[in-house]
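A short worksheet on the structure shown next.
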Amino acid sequence: MIGNNQFRTFYPGVMNNDNTAQQIAKYAETVALRRKMGLEGDGADPNSFAAKLKQADDFLKSGESYEGPTDSIGIILRQMDEPTADSPVTKTVFHNGVAVTVTKDALYGNSITIGGSSNPDWIQVSTSVGVVNIDLNDMDGLMNCLDMFSPEDVTLIMRKIMEVKQARDAMQEIDNMKSTPVEQTKDDDEEEE
């Protein structure tokens with residue numbers, strides 16, 4: 001049988017393309033090796049994620065003022081005060097016309113709420129910056145705010161939305177299948193009379 005499936009159908013496994021940790025580990029090894037050899041610099045590709053992360057951390061350590069965009073979730077979280085056990089810290093920003101509420105809570109961690117409609121259908125997605133609350137009835141709002149997240153977090157968000165939609169479609173199909181035999185039985189009863 002193909003893939004041990006009774007219906008002889010091949011369903012490819014989910015591949016995890018999240019190689020951020022691998023990039024950071026490789027970067028750290030390269031830096032350590034170059035230091036051992038007495039070489040200057042880190043020798044890393046300046047466009048790699050690890051190199052950009054190092055540049056951002058070096059910039060924060062420098063204490064220079066920042067005049068660029070301030071609407072990334074990571075930047076918003078860094079600008080917010082630290083919460084206390086009894087008092088979470090909340091900040092609301094508008095990004096591309098969509099309200100984004102960021103909450104830092106000492107007990108529950110970070111949460112990010114994007115948009116919201118008059119008839120919300122909320123799902124939660126765990127990301128590197130916290131739990132993201134998404135209204136499935138306001139997908140336009142979400143699409144306007146995806147640039148606030150890292151590529152890895154966007155992948156997690158989109159994967160969760162697809163899982164929820166597939167599960168709901170499957171439940172709808174099951175409900176349709178349950179109602180179909182009942183209708184056929186009614187038709188058979190009517191023919192017998």
Side-chain angles (χ1 to χ4, degrees), residues 3-7 9-24 49-50 52-53 56 68-180 182:
N4 295 328
N5 185 321
Q6 62 182 349
F7 301 110
T9 306
F10 176 70
Y11 295 105
V14 176
M15 296 181 61
N16 186 0
N17 292 329
D18 183 17
N19 60 358
T20 304
Q22 294 169 349
Q23 284 182 340
I24 293 173
F49 176 79
K52 289 179 182 177
L53 186 63
T70 58
D71 54 359
S72 163
I73 296 296
I75 293 171
I76 292 169
L77 285 168
R78 286 180 176 161
Q79 291 174 344
M80 293 173 67
D81 294 332
E82 289 302 316
T84 60
D86 60 343
S87 176
V89 179
T90 301
K91 181 176 183 177
T92 300
V93 297
F94 287 89
H95 181 75
N96 293 334
V98 179
V100 178
T101 303
V102 180
T103 303
K104 286 175 98 174
D105 192 316
L107 297 176
Y108 301 108
N110 300 336
S111 67
I112 299 98
T113 303
I114 299 175
S117 64
S118 58
N119 183 20
D121 182 11
W122 296 105
I123 63 168
Q124 288 79 34
V125 183
S126 295
T127 65
S128 65
V129 292
V131 175
V132 180
N133 301 305
I134 300 168
D135 180 6
L136 291 179
N137 292 333
D138 186 16
M139 293 304 291
D140 291 337
L142 173 65
M143 293 303 145
N144 287 334
C145 295
L146 282 179
D147 59 338
M148 297 178 76
F149 296 93
S150 70
E152 294 81 14
D153 288 342
V154 170
T155 301
L156 290 171
I157 290 167
M158 298 311 286
R159 184 178 296 149
K160 178 69 171 194
I161 290 170
M162 290 304 299
E163 288 173 2
V164 169
K165 288 190 176 198
Q166 287 175 348
R168 289 182 180 178
D169 288 345
M171 291 302 293
Q172 183 64 37
E173 233 177 278
I174 290 170
D175 288 344
N176 290 342
M177 289 173 63
K178 285 180 180 177
S179 66
T180 302
V182 172

What are the two closest non-hydrogen atoms of [X] and [Y], and how far apart are they?
{"X": "Ala99", "Y": "Thr92", "answer": "CB-CG2, 4.5 Å"}
{"X": "Met139", "Y": "Ile161", "answer": "CE-CD1, 3.6 Å"}
{"X": "Asp138", "Y": "Gly116", "answer": "OD2-N, 3.1 Å"}

Side-chain contact test, heavy atoms from C-beta onward, threshold under 4.5 Å: evaluate it for [X] versus [Y] and give yes or no.
{"X": "Asn133", "Y": "Ser111", "value": "yes"}
{"X": "Leu142", "Y": "Ile157", "value": "yes"}
{"X": "Val100", "Y": "Met148", "value": "yes"}
{"X": "Ile134", "Y": "Trp122", "value": "no"}
{"X": "Val131", "Y": "Ile112", "value": "no"}
{"X": "Leu77", "Y": "Asn110", "value": "yes"}

Backbone N/O of Asn119 and side chain of Asn137: donor-acceptor pair under 3.5 Å: yes

Atom pair CG (Asp81) and OG1 (Thr90), whose distance is rounded to the nearest 0.5 Å: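 The CG atom of Asp81 sits 11.5 Å away from the OG1 atom of Thr90.
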
Interatomic spacing from OG1 in Thr155 to CE in Met158 - rounded to 0.5 Å: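 Rounded to the nearest 0.5 Å, the OG1-CE separation comes out at 9.5 Å.
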
Distance-only polar pair, side chains of Thr84 and Asp86, donor-acceptor under 3.5 Å: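 Present: a donor and an acceptor within the cut-off.
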
Steps toward side-chain contact (heavy atoms from CB on, under 4.5 Å) verdict (Leu156, Phe149): CA-CA 10 Å; Leu156 290 171; Phe149 296 93; over 6 Å; no

Carboxylate-amine/guanidinium proximity below 4.0 Å for Asp121 and Arg168: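 Salt bridge between Asp121 and Arg168, a charged N being under 4.0 Å from a carboxylate O: yes.
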
